[in-house]
Amino acid sequence: MGNERVYNFSAGPSMLPLEVLEQAGSEITNYQGSGMSVMEMSHRSKVFDQIFQDTQAKFRKLFHVPEGYKVLFLQGGASAQFSMAPLNLIGKTGKADYAVTGNFSNIAYKEAKKYGTIQLAASSEDKGHTYIPSQDQLKLDPEASYFYYCANNTIYGTEWQYVPETRGVPIVCDMSSDILSRPVDVSKYGIIFAGAQKNMAPAGLTVVIIKEELAGHELPFTPLMMNYKTMIDKDSMYNTPPCWCIYILGLVLDWLESKGGVEGMERIKHGKAQMLYDVIDSSRLFRCAAEPGSRSDMNVVFRTGDDELDAKFVKESVAAGFTNLKGHRSVGGMRASIYNAMPAEGVEKLCDFIRSFDKNN
Ligand SMILES: *Cc1c(COP(=O)(O)O)cnc(C)c1O
């Protein structure tokens, strides 16, 4: 292996800001004079409690979390929320609405069916998940306990550009792959959740933002560890939380603040994505499957239409210092995941590479 860092377009776990890795490295054996690593601390110690409280406060501030909402630091990945949300919320009416716009919302939809009557509010499967349904296309049941959708479809490269209007039905949203990339009006949501490993921290932490009044109505057989109320009452410390990931999230949030917060990130990420889409759209060889208007600013999915040429692109991209540009196995082609930590320079270099591949093939 070489000594140079590569431009890593992984969909997740993905890049972290270099400054964050360097700071974590500099204090890895002795965190701020404590004489130990954050990895070695009791989660009940004063030093760790400070890290925990600071990280929570920074998250609330940067993500503009209003009063009445709790920020939880849980485990089990985003996938655990596919069960946890229905277990805790569906008891209200026994029904829920799901919009299926890709792989992860489909898994969530199937999982929820174990616990109640689930209506498919919309599906983009008719066109291979290349678009996001419009508000008019959503079939909403006013008696649903909640409405569920996934904000950014990591595999298909589509992203919701609006918050659905549900007329009082609480919204549950999986923001695993676009959280902290743009401002969100949290007050429009019941629950927002995200696995950390795309845009926040190492794998092992799931951030859940929940309107407190929604907790406490779980189905009677809800496992202790999957009960939002348990975690709210114990401030995410019912058991040992993912301490190291929480510490790294704190560093990432400092970095985010130095870049202008989510407002700054929105400008930067949109510029990066636009640059890439422009190069693809004006190329001879490459096309995006996602419809304009539904395209993701986080995961840019593209292909030539010729599997051999795609494979050649991926192979040559590795030699040129890029990694993880191969598309997800279920859709093929290429995917460039350009989360917050991917510098504009990495995207510019990728654009140059795409242009020259387009010219030479
Ligand atoms: C990666 C991802 C998941 C799965 O996350 P885990 O933490 O591995 O469970 C779920 N939803 C979306 C949108 C994702 O991108």
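Whatever order the structure lists ligands and atoms in, that order sets their numbers, starting from 1. Numbering starts at 1 and runs along the sequence shown.
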> If you look only at pairs with a residue in residues 245-285, which of them pass as a ring-ring contact (aromatic ring centres under 6.0 Å, His included), with sequence neighbours excluded?
Replying inline: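 Applying ring-ring contact (aromatic ring centres under 6.0 Å, His included) to every pair that reaches into residues 245-285, excluding sequence neighbours, yields Tyr31-Tyr247, Trp244-Tyr247.
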>> Run Asp178 and Arg182 through salt bridge (Lys or Arg N to Asp or Glu O under 4.0 Å) and show every step you take.
In response: CA-CA 8 Å; Asp178 68 352; Arg182 57 179 176 182; 3.2 Å; yes
> Do Phe73 and Phe52 have their ring centres less than 6.0 Å from each other?
Replying inline: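 Ring-ring flag for Phe73/Phe52: true, centres closer than 6.0 Å.
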> With ring centroids as reference points, do Phe286 and Phe313 lie under 6.0 angstrom apart?
Replying inline: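 That pair passes the under 6.0 Å test.
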>> Applying side chain to side chain contact (heavy atoms under 4.5 Å, CB included), can you list everything that pairs with Gln81, at least two apart in sequence or on another chain?
In response: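 With sequence neighbours excluded, Gln81 shows a side chain to side chain contact (heavy atoms under 4.5 Å, CB included) to Leu74, Met84, Phe193, Thr206, Val208, Tyr228, given in chain and number order.
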> Can you name the residues that form a salt bridge (charged side-chain N to carboxylate O under 4.0 Å, His left out) with Lys92, not counting sequence neighbours?
Replying inline: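 By the salt bridge (charged side-chain N to carboxylate O under 4.0 Å, His left out) rule, Lys92 matches no residue at all.
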>> Which protein residues come within less than 4.0 angstrom of ligand 1, counting heavy atoms only?
In response: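 Around ligand 1, where the cutoff is 4.0 Å for heavy atoms, the contacting residues are Gly77, Ala78, Ser79, Phe82, Phe104, Cys150, Asn152, Thr154, Asp174, Ser176, Ser177, Gln197, Lys198.
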